[in-house]
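Below: one structure, written as structure tokens.
Just so you know, ligand 1 is whichever comes first in the structure, and atom 1 is the first atom listed for that ligand. Computed from a prediction, not measured in an experiment: that's the story for all the values here. Hydrogens, waters and symmetry mates are skipped; everything else that's a heavy atom, side chains included, is used.
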Amino acid sequence: MTFTETMFRWYEEWQRTLPWRGERDPYKIWVSEVILQQTRVAQGWDYYHRFIAQFPTIEALANAPEEQVLKLWQGLGYYSRARNLHFAAKTVMQQHQGIFPDRYEAIRELKGIGNYTAAAIASMAFDLPYPAVDGNVLRVICRFAGITDNINMPATVKHVTEICNRWIDQKQPGIFNQALMDFGSLVCTPKNPDCENCPLQNACYAHAHGLAAQIPVKINRIKIKERFFTYFFLVKEKKTVVQQRIGKDIWKNLYELPLWETQSALSREQVQQLAREQYLAASCKWLWSTATKLTHQLIHAEFYLIEPATLPHLKSYQKIIAIEELSQLPVSRIMQKFFLTQNF
Ligand code: SF4
């Protein structure tokens with residue numbers, strides 16, 4: 001039996017039950033794939049249902065205000081995914097008459113859609129034979145075929161894609177892609193793959209050579225950048241100041257409290273001095289701190305309460321709102337956690 005036949009047979013019996021399984025609507029496949037890019041299935045499930053309920057069509061998504069899309073995305077992280085979905089929905093309305101493109105190249109051109117997502121949509125919605133090579137597929141193919149190159153290198157991804165191009169089923173490419181994804185999630189898992197019960201066992205290079213724990217080879221060259229954020233919660237008569245993040249940086253367009261970013265952590269004395277200089281505050285009180293890891297960044301955030309005589313003059317991206325309205329704003333996970341500590 002070939003690799004492909006084995007995958008099809010395994011999938012028939014063991015495929016996962018997922019809300020978007022069997023879906024042929026490219027819009028819904030797209031939404032599910034984007035949600036799953038950095039999110040576990042269990043967490044993504046609810047978000048998918050909420051997203052589709054609120055925006056059942058591309059048109060509904062394109063017409064929604066960005067704030068509403070970001071609010072719905074809150075908690076999932078990687079907000080550029082939501083912004084890109086929204087932007088690309090508008091592109092489909094404006095350049096494709098509201099009809100999702102059915103050619104791989106046109107799908108790939110939409111903002112936020114990379115090779116993997118384009119291939120997933122093209123194969124599942126339109127039966128186009130493009131392999132969707134994600135981390136699961138890289139792992140399965142590298143182990144099975146004995147590829148020991150660094151999977152973070154584009155050349156390795158290209159090599160695996162070429163193999164998949166040869167093995168993909170031309171009539172049912174969507175099933176082939178989903179079978180590999182499920183197989184990588186359930187059997188050929190990152191840790192402790194179930195080699196003993198694996199239907200590929202007899203032909204698998206990694207199993208034959210006792211290398212399942214060593215393959216795939218992953219050498220990370222990404223340097224984690226540390227950032228130091230001091231947030232001021234300015235309270236005056238149950239109102240506070242918030243600001244929208246602008247510019248090219250994390251959490252673009254989300255809201256947060258007034259922020260001071262510094263090269264290193266500030267001492268309490270330095271924070272007191274900053275509060276005096278910026279807000280004429282006689283004192284400020286420490287409320288909460290956290291260290292949160294993002295993909296390439298470690299954010300150290302400290303939160304301080306200031307009760308000034310008057311709220312400061314606002315910059316163009318700031319506004320004053322009632323404290324009880326804070327929970328309605330789209331915010332980062334760090335900000336969301338802070339609000340929870342304060343019972344907002
Ligand atoms: Fe993966 Fe083990 Fe199966 Fe090889 S035998 S494909 S390493 S689960």
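Distance check for Cys204 against atom 3 (Fe) of ligand 1: none of its N/O/S atoms falls below 2.8 Å. Distances from atom 1 (Fe) of ligand 1 show that Cys188 has an N/O/S atom below 2.8 Å.
The nearest protein atom to atom 2 (Fe) of ligand 1, hydrogens excluded, is given as Cys195 SG, 2.3 Å; this is a heavy-atom distance. Here the heavy atom of the protein found nearest to atom 3 (Fe) of ligand 1 is Cys198 SG, 2.3 Å.
Defined by atom type and a distance below 3.5 Å, a donor-acceptor pair is present between the side-chain atoms of Gln37 and Thr117. With 3.5 Å as the limit, one finds no donor-acceptor pair spanning the side chains of Arg245 and Asn253. Under 3.5 Å, the side chains of Lys315 and Gln318 contain no donor-acceptor pair of N or O atoms.
The ligand atoms of ligand 1 that sit less than 4.0 angstrom from a heavy atom of His207 are 5 (S).
In this structure, Arg50 satisfies the cation-pi test against Tyr47, with its NZ or CZ atom closer than 6.0 Å to the six-membered ring centre and inside 45 degrees of the ring normal.
Taking the six-membered ring where the residue is Trp, the centroids of Phe233 and Phe344 are separated by under 6.0 Å.
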